[in-house]
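Report on the following structure.
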There are 2 protein chains.
Amino acid sequence: MARSTQQNRFRLANQILDVIRDARLEPGHHLREQQLADLVGVSRTPIRSALDLLAERGIVETRKNHGFFLRKPFDSLHRIEIAVPSTIEDEFYARLVRDRLENRIPNSITQSEIARRYKVDRVSLTRTLSRLAEDGLIARKQGHGWSFLPTLDSVVSLRASYEFRLTIEPSSFLLPTFKPDPGAIERMRLQHLYLISHPDIATVSSTQLFETDAAFHEMCAEFCGNAFFSQAIQYQNRLRRLLEFGSYFDSRRVREWCREHLAIIESIASGDLAQASGQMRAHLEQALRAAQTAQQHSRS
Amino acid sequence: MARSTQQNRFRLANQILDVIRDARLEPGHHLREQQLADLVGVSRTPIRSALDLLAERGIVETRKNHGFFLRKPFDSLHRIEIAVPSTIEDEFYARLVRDRLENRIPNSITQSEIARRYKVDRVSLTRTLSRLAEDGLIARKQGHGWSFLPTLDSVVSLRASYEFRLTIEPSSFLLPTFKPDPGAIERMRLQHLYLISHPDIATVSSTQLFETDAAFHEMCAEFCGNAFFSQAIQYQNRLRRLLEFGSYFDSRRVREWCREHLAIIESIASGDLAQASGQMRAHLEQALRAAQTAQQHSRS
DNA sequence: GATTGTATAATAATCTCCAATAAAACAATC
DNA sequence: GATTGTTTTATTGGAGATTATTATACAATC
């Protein structure tokens, strides 16, 4: 979907950075084009384009007839991630959802009304609408026009979302196919320790907080070895990005859930999955309460 | 999606038949255009077109300057449902999945290879591919081409699908928002009784059997009042249409699951949701076993 | 001989214009 | 005055050509 011009170049550049970090490459390392291409699964053409981008940013240098060479040490790349420029479509998606949640657009609307109102081209429009439809937020009416689905009522959906997660997440630990990945667990633990020990958690962007939270739950779902569970959790996270954004400013709650996550991580690591399951249940119940009060505040 | 030419006319005709049946209209009844249009949520134009279709089939008659009048009694319409002609895309979708399951096409393939092989136009092709992607069966590769996801391994997925359903379906009954619709229950009961008492169940098309089964599970999920549960079940049913098609020929098993469904319906009707939940669990475990043996047979 | 540089071919996305469909307005009929 | 018949207008879908992107083949360089 939505691979609008040039975006892919940025994504690829990031993947190359991942490779550099994972392989702990040092300055001066020769980045062979074909090798990278094979690793990522594309041809040399787009790899070159991405390397050019990295060269522009001074991360690699290019020597005529010799190719690209790393300039910076792998660990200095930790945070310079090349920001993937967000597409018009992503912004438009979020804007539509927010405008609907705050009742600035009617429940039922035609495509071209939206086009006029938001001044987007028809391609981005139809693509965004089908993404919204995929995500279960809107549905095409019979005949012309679209209407928003009740999912987009934040109070009801918040509850429903947690009820759904309370059903699937705790039981995912108890599946016979459950199999944790020690490496992933360790990375996740470090990330949480970093957050929890951070002197002033309020300075961490709420996006980053949210992504950590989401990644934790997706990791657990991955472990259970059942694609349907992880698919469902990914879907819930996409939704939560829209519904729960407000809840990520309470720094006391952030420390709390970090600790809850860490406790679950411990249980998984020690192999006590029944305990992990119970802890997950308690964590979700706690999180629902927090999200509900956050919602009330933002409403008043 | 996929509202290719004329399809809508058939769908609308069916909806009008639904209205006639639900309202128990008798021959001679005047079918007012605007009224139907409001009921269905479209304008008069497509309603007229659908009524014309019904007129062609002799179900309604048209009197100049007076409009359309019902010719047949509502209960005679029970089975003459106007068959919605299946689109090229639906068939193409199923064909692709089957060909992949039976390893007739490689795991990784470009759009235009498919286009050449199956001789479909570009629009249907991209639409079918994005439907497959939505359903989690294929994913776009970086660069050109698509690859099939492991979901399409029938043995693994069958188990995973039932594990997932075993987690959500029984608990859906226990949600505080659970609220059955007596009318829907009654219709479902009749449909099952019809099947079970059918002298020779083998003559009923397996599509029809499957749809009855799917409709039952979707109905239960609807009742729980949580859109995420019903969405998940709908998704599972779409998948099952592809994976379990073989299992619908064993007429003994069909009678069995009919009885299991009926027992659950009884429990719901009598308000004993805990019992319904337990029965659903047992039913799904039973169904998994049946599907697995069916799969083994079709494999040998 | 492995790797980069460059050209060419294949593939997929986008844009424009036109046709099909649906909505809305209005006239005609009972 | 309600309902159908007819026309007009708006909206959406679709085919073809164009452009951007990716894959591939091959020459040049070290």
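Protein chains get the first letters and strands the later ones, always in sequence-line order, with residue 1 at the start of each.
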For residues [X] and [Y], report the shortest heavy-atom separation together with the two atoms involved.
X	Y	value
B:E33	B:L51	CG-CD1, 4.3 Å
A:F74	A:I20	CB-O, 3.7 Å
A:N237	A:A214	ND2-O, 3.3 Å
A:K72	A:G58	CE-O, 3.6 Å
B:M219	B:A184	SD-O, 3.7 Å

What is the distance, to the nearest angstrom, from the [atom1] atom on [X] to the [atom2] atom on [N]?
X	N	atom1	atom2	value
A:D121	C:dT14	CG	C1'	9 Å
B:W146	D:dT22	CH2	P	15 Å
A:Q142	C:dA23	CD	C1'	14 Å
B:L125	D:dG14	CG	C1'	15 Å
B:H144	D:dT22	NE2	C1'	4 Å
A:K141	C:dA22	NZ	C1'	12 Å
A:L53	D:dT21	CG	P	14 Å
B:R9	C:dT21	CZ	C1'	13 Å

Short side-chain N/O contact from B:N8 to OP1 or OP2 of C:dA22, under 4.0 Å =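 Looking at the OP1 and OP2 atoms of C:dA22, one of them is under 4.0 Å from a side-chain N or O of B:N8.
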Does a nitrogen or oxygen in the side chain of A:R48 sit under 4.0 Å from OP1 or OP2 of D:dT24?
->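 No, A:R48 has no side-chain N/O under 4.0 Å of OP1/OP2 on D:dT24.
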Does the cation-pi check pass for A:R95 over A:Y118, that is, NZ or CZ under 6.0 Å from the six-membered ring centre and within 45° of its axis?
->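 A:R95 over A:Y118 ring: no.
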Exam field: side chain [X] to backbone [Y], donor-acceptor pair closer than 3.5 Å:
X	Y	value
B:S161	B:S157	no
A:Q35	A:R32	no
B:N226	A:A160	yes
B:R71	B:I59	no

What pairs of nitrogen or oxygen atoms, one from the protein and one from nucleotides 24-30 of chain C, lie under 3.5 Å apart?
| residue | atom | partner | partner atom | Å |
| --- | --- | --- | --- | --- |
| C:dT29 | O3' | B:N65 | ND2 | 3.3 |

Value rounded to 0.5 Å, distance of CZ in B:R241 from CG in B:D90 |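 Nearest 0.5 Å value for the CZ-CG distance: 10.0 Å.
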Got a sec? Which of residues 25-40 of chain B come in under 4.0 Å of DNA chain C, heavy atoms?
->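 Here the set is empty: none.
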Of residues 104-118 of chain A, the positions that come close to DNA chain C - non-hydrogen atoms, cut-off under 4.0 Å =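 Result for residues 104-118 of chain A: none.
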Tell me, with the steps shown, if A:F68 and A:H30 meet side-chain contact (heavy atoms from CB on, under 4.5 Å).
-> CA-CA 6 Å; A:F68 296 90; A:H30 183 190; 5.8 Å; no
Residues two or more places apart in sequence or in another chain: which of them pass side-chain contact (heavy atoms from CB on, under 4.5 Å) with A:P73?
->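 Partners of A:P73 under the side-chain contact (heavy atoms from CB on, under 4.5 Å) test: A:E26, A:P27, A:D75, A:S76.
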Listed pairs, N/O of protein and of nucleotides 16-18 of chain D, under 3.5 Å:
| residue | atom | partner | partner atom | Å |
| --- | --- | --- | --- | --- |
| D:dA17 | N6 | B:R122 | NH1 | 3.4 |

Check against side-chain contact (heavy atoms from CB on, under 4.5 Å), B:F229 and B:I233 = CA-CA 6 Å; B:F229 282 80; B:I233 293 305; 5.6 Å; no
Apply the side chain to side chain contact (heavy atoms under 4.5 Å, CB included) test between A:L137 and each candidate in A:L96, A:L129, A:L132, A:L149; give the one that qualifies.
->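 That would be A:L132.
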Please determine, for the side chain of A:R127, which listed nucleotide (C:dT4, C:dA23, C:dT14) has the closest atom?
->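 Side chain of A:R127 sits closest to C:dT14.
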Are any non-hydrogen side-chain atoms of B:W146 and B:Q111 less than 4.5 angstrom apart?
->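 A side-chain contact under 4.5 Å exists here.
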Please round to 10 degrees the angle between the axis of the first five pairs and the axis of the last five pairs in the helix from C:dG1-D:dC30 to C:dC30-D:dG1.
->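 Overall, the helix from C:dG1-D:dC30 to C:dC30-D:dG1 bends by 20° from one end axis to the other.
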